[in-house]
Each structure stands twice: as C-alpha cells, then as structure tokens.
Number of protein chains: 2
Amino acid sequence: MADNTPYAPARIRTLPSWLLGRAAARGHRLVGEALATEGIRMMHHAVLSAVAELGPLSQAELSRSLAIDPKDMVAIVNDLQREALLTRAPDPRDRRKNTVTISPAGQELLLRTEQLGDRANAELTAALTPEERAQLVSLLARIL
Amino acid sequence: MADNTPYAPARIRTLPSWLLGRAAARGHRLVGEALATEGIRMMHHAVLSAVAELGPLSQAELSRSLAIDPKDMVAIVNDLQREALLTRAPDPRDRRKNTVTISPAGQELLLRTEQLGDRANAELTAALTPEERAQLVSLLARIL
DNA sequence: GCCCTATCGTAGGGACAACCAACGAATTCG
DNA sequence: CGAATTCGTTGGTTGTCCCTACGATAGGGC
C-alpha cells in the first residue's frame, strides 16, 4: 500500500511561528525525557542552573531572568526545596524576599542534568552542523 | 539606582531547546492575539488552511499532517463546523471516515486570517532580515 | 464467507507549560 | 506620613501533548 498520508501543508509549514512550535515541542520532549531519568523536569533544571550561575537571589529575580510566572516559580522552588536541592531563607535586608541558594546536593545533581540536557540538545540539532547550530541559536536569540 | 535585574543565565540561554521554547511562546502569543481579532484560534486556522490546501480529506489525515492529537481534532472540527467554516460528511467509500471540506465562508475567512498570521509572523521576525528569516525557516525545517 | 488485525472517530483522563487576577505583607517614594 | 510598588503566594484558565479505550468499519489471510 502506498503512503497516502498528506504531510504538512506548505502554507503552514513555512510560517516561523508554526515551525517554532513544532521544533519547540520536539525539543521539549527530548529534554524532558532525558531529564526524567534524574527525576527532574525542565523548568526545575532551569531554575537550578540559574541559581547556580547567578548566585543567591530572590524568587522574583528568578522569575524575571527565566521568564517564568511567579506563581509557577513558587511551586518549582517548593519542589526543589523539598528535595534539598536548594534553600529558601527570608532576606534580612528585605523581608518581602526569599533568598534562594543552591545546595551541595543541587550542585551535584546539576552536573548530571546539565550533561543530560546537553546531550538532548545535541540530539535535537543532530541534523545541523556546529556552525548551523550556532547560527540557529543566534537567530533565535535575536527574535527574543 | 542601576538595573539589578539578572538576565537569562548564559548556561540556559544558549540551549536550543530553551530558545525554541521561548521563541515559540512569543510566536504563539503574537499569532494568537492577531487571529483573535477574527475570533479564531491558531489550531483552527491551521486546520482550515490545511483543508483548503490539501482538499477534502479525513480527520485522521488532518491529524497526521498537522501533528494534532485526534482527540483535539474532533473538538476543532466541531467548532469549525458549528461556524459553518467547513463541512463534515461521512465518506461513502469508507464509512469510518469523515470527509472534511472547506466551505465558501471558510475560504473567505481564511483569506483574512492568513494575512493576520503573516503579519504576526512578520512582527515575530522583525529583527531579522528576509535572508535571515529564510535561513531560520530552513534550519527549523531540518531539525524536524 | 470468516476470523484477525488495523484504522477511524469519539471520549475519558492527566501531565505540563504559559498566563492572568488578586491579596496581605513589606518596602520605597513623593 | 501616605501612596504606590514589589514580593511571595493562592486561585484560576487555556493550550498542547500523551495514553487508554470503545464501537463501528475495513482489509487480509485462509
């Protein structure tokens, strides 16, 4: 039997918004599956990575730097704190804030999840040369 | 007082999966807002466009060509049929299938929504030259 | 013709990301 | 000091994707 499945219509397939959606879905699935082996999710890993890189900071700063909704940040920090991957302590200089700091266990996990994330991204961009991947990253950064 | 907001950590910001997610979110928001002025949503517009381009076809074929879940397709076709933008009729040659056909009203609406979608995509890629945009489209198509 | 398998449309539910509105506590600014 | 703003938090909604399941129908092997 012939393959009579009609594939993505050209009108839609050439729209950046459509391609971005599909590519993001694939990336999300690949990275999600990879990180699942360490029992962590994308946003949690992103927060952990941001705390490690930017040092102790408030939840609001985290929300802004990662473009995550403050509401969602509460749940993420709750989860990470419950697993002792970071600490949340009231900021003595501004009692509205929580100072979020990565823990040694968080550092350790981050080493592994970063590798998993990198590998998933390598798979995601497997069809591209390193130069093309850099180009893609550059182009994406500019439309943000 | 200086701007002390920490911005996207480099470790995350250079991951294609992260950039794709953010860019897709922006594209989704822009296109969604644009199409909302015609009272239609992204997936509905995509289905309408696919039916117009590929001609009458079944819901399963639509689902595959657009990578939309069959369950979600049911709801979308329901909506579009309710607004008389397409017709859904049993296929006499295979009574399991529904033959989906775009209506004149659907064609007419599609003309407007395609323009809205194009304009939103132009805004999405406003920071890019036409060559760069074509490059982005090409790179995205290759990682799919 | 008859079983077995596959497909189609439809329905249920759930995971996850993104976003919006509001509120008390605390801080900062005019 | 009073007003406006920020912060953390709780409450929702929406959209996309995934898995399961079921009756009806179709096709292949025998």
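Note that this is a predicted model, so its numbers are computed, not measured. We name chains A, B, ... by the order of the sequence lines, and we start the count at 1 in each one.
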Presence of A:Q59 side-chain N/O under 4.0 Å of D:dT6 phosphate oxygens OP1/OP2:
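A:Q59 to D:dT6 OP1/OP2: no side-chain N or O under 4.0 Å.
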
Give a yes/no on whether any side-chain N or O of A:N78 is located under 4.0 angstrom from OP1 or OP2 of D:dG8.
no

I'd like to check A:L124 versus B:S17 (side-chain heavy atoms, cut-off strictly below 4.5 Å). Are they in contact?
yes

Test item: A:I143 and A:L139 side chains (from C-beta on) under 4.5 Å apart, heavy atoms
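Contact flag for A:I143/A:L139 side chains = no.
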
Rounded to whole angstroms, how far apart are [atom1] on [X] and [atom2] on [N]?
{"X": "B:Q81", "N": "C:dG9", "atom1": "CD", "atom2": "C1'", "result": "13 Å"}
{"X": "B:R95", "N": "C:dG9", "atom1": "CZ", "atom2": "C1'", "result": "15 Å"}
{"X": "A:M73", "N": "D:dT10", "atom1": "CE", "atom2": "P", "result": "15 Å"}
{"X": "B:I76", "N": "C:dT10", "atom1": "CD1", "atom2": "P", "result": "13 Å"}
{"X": "A:L35", "N": "C:dA15", "atom1": "CG", "atom2": "P", "result": "19 Å"}

Using 0.5 Å steps for rounding, measure from the CG atom of A:L66 to the CH2 atom of B:W18.
4.5 Å

Listed partners of [X] passing salt bridge (charged side-chain N to carboxylate O under 4.0 Å, His left out), at least two apart:
{"X": "B:D94", "value": "B:R96"}
{"X": "A:D79", "value": "A:R41, A:R82"}
{"X": "A:D118", "value": "B:R11"}

Determine which pairs satisfy side-chain hydrogen bond (donor to acceptor under 3.5 Å, both in side chains) with at least one residue from residues 124-140 of chain B, sequence neighbours left out, and list them in order.
A:R142-B:E132, B:T125-B:R133, B:T129-B:E131, B:T129-B:E132

Can you list every side-chain hydrogen bond (donor to acceptor under 3.5 Å, both in side chains) pair that touches residues 20-38 of chain A, not counting sequence neighbours?
A:E38-A:R112

Tabulate atom names and distances for all N/O pairs under 3.5 angstrom spanning the protein and nucleotides 1-5 of chain D.
none

Contact list (N/O, under 3.5 angstrom) for nucleotides 21-23 of chain D vs protein:
none

Would you mind reading off the bend of the helix from C:dG1-D:dC30 to C:dG30-D:dC1 from its two end axes, five pairs each, to 10 degrees?
30°

Determine the contact category for A:R88: base if any of its heavy atoms lies under 4.0 Å from a base atom, sugar-phosphate if only primed atoms, P, OP1 or OP2 are that close, otherwise nothing.
sugar-phosphate

Protein heavy-atom contacts under 4.0 Å, written 5' to 3' over nucleotides 16-24 of chain C as B (base), S (sugar-phosphate only) or - (none), form the string SSBBB----

Apply side chain to side chain contact (heavy atoms under 4.5 Å, CB included) to B:A24 and list each qualifying residue two or more places apart in sequence or on a separate chain.
A:L20, A:A24

Using side chain to side chain contact (heavy atoms under 4.5 Å, CB included) as the criterion, list what pairs up with B:E83, not counting sequence neighbours.
B:L85

Atom of B:L48, atom of B:G106 and distance for their closest heavy-atom approach
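Shortest heavy-atom contact: CD2-O, 3.9 Å.
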
What's the shortest heavy-atom distance between A:L140 and B:A23, and which atoms?
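Residues A:L140 and B:A23, closest heavy atoms: CD2-CB, 4.0 Å.
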
Counting heavy atoms from C-beta on, name the nucleotide in D:dA26, D:dG8, D:dT9 closest to the side chain of A:K97.
D:dG8

Kindly write out the residues that satisfy side-chain hydrogen bond (donor to acceptor under 3.5 Å, both in side chains) with B:S58, not counting sequence neighbours, or none if the list is empty.
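Result, side-chain hydrogen bond (donor to acceptor under 3.5 Å, both in side chains) vs B:S58: B:E61.
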
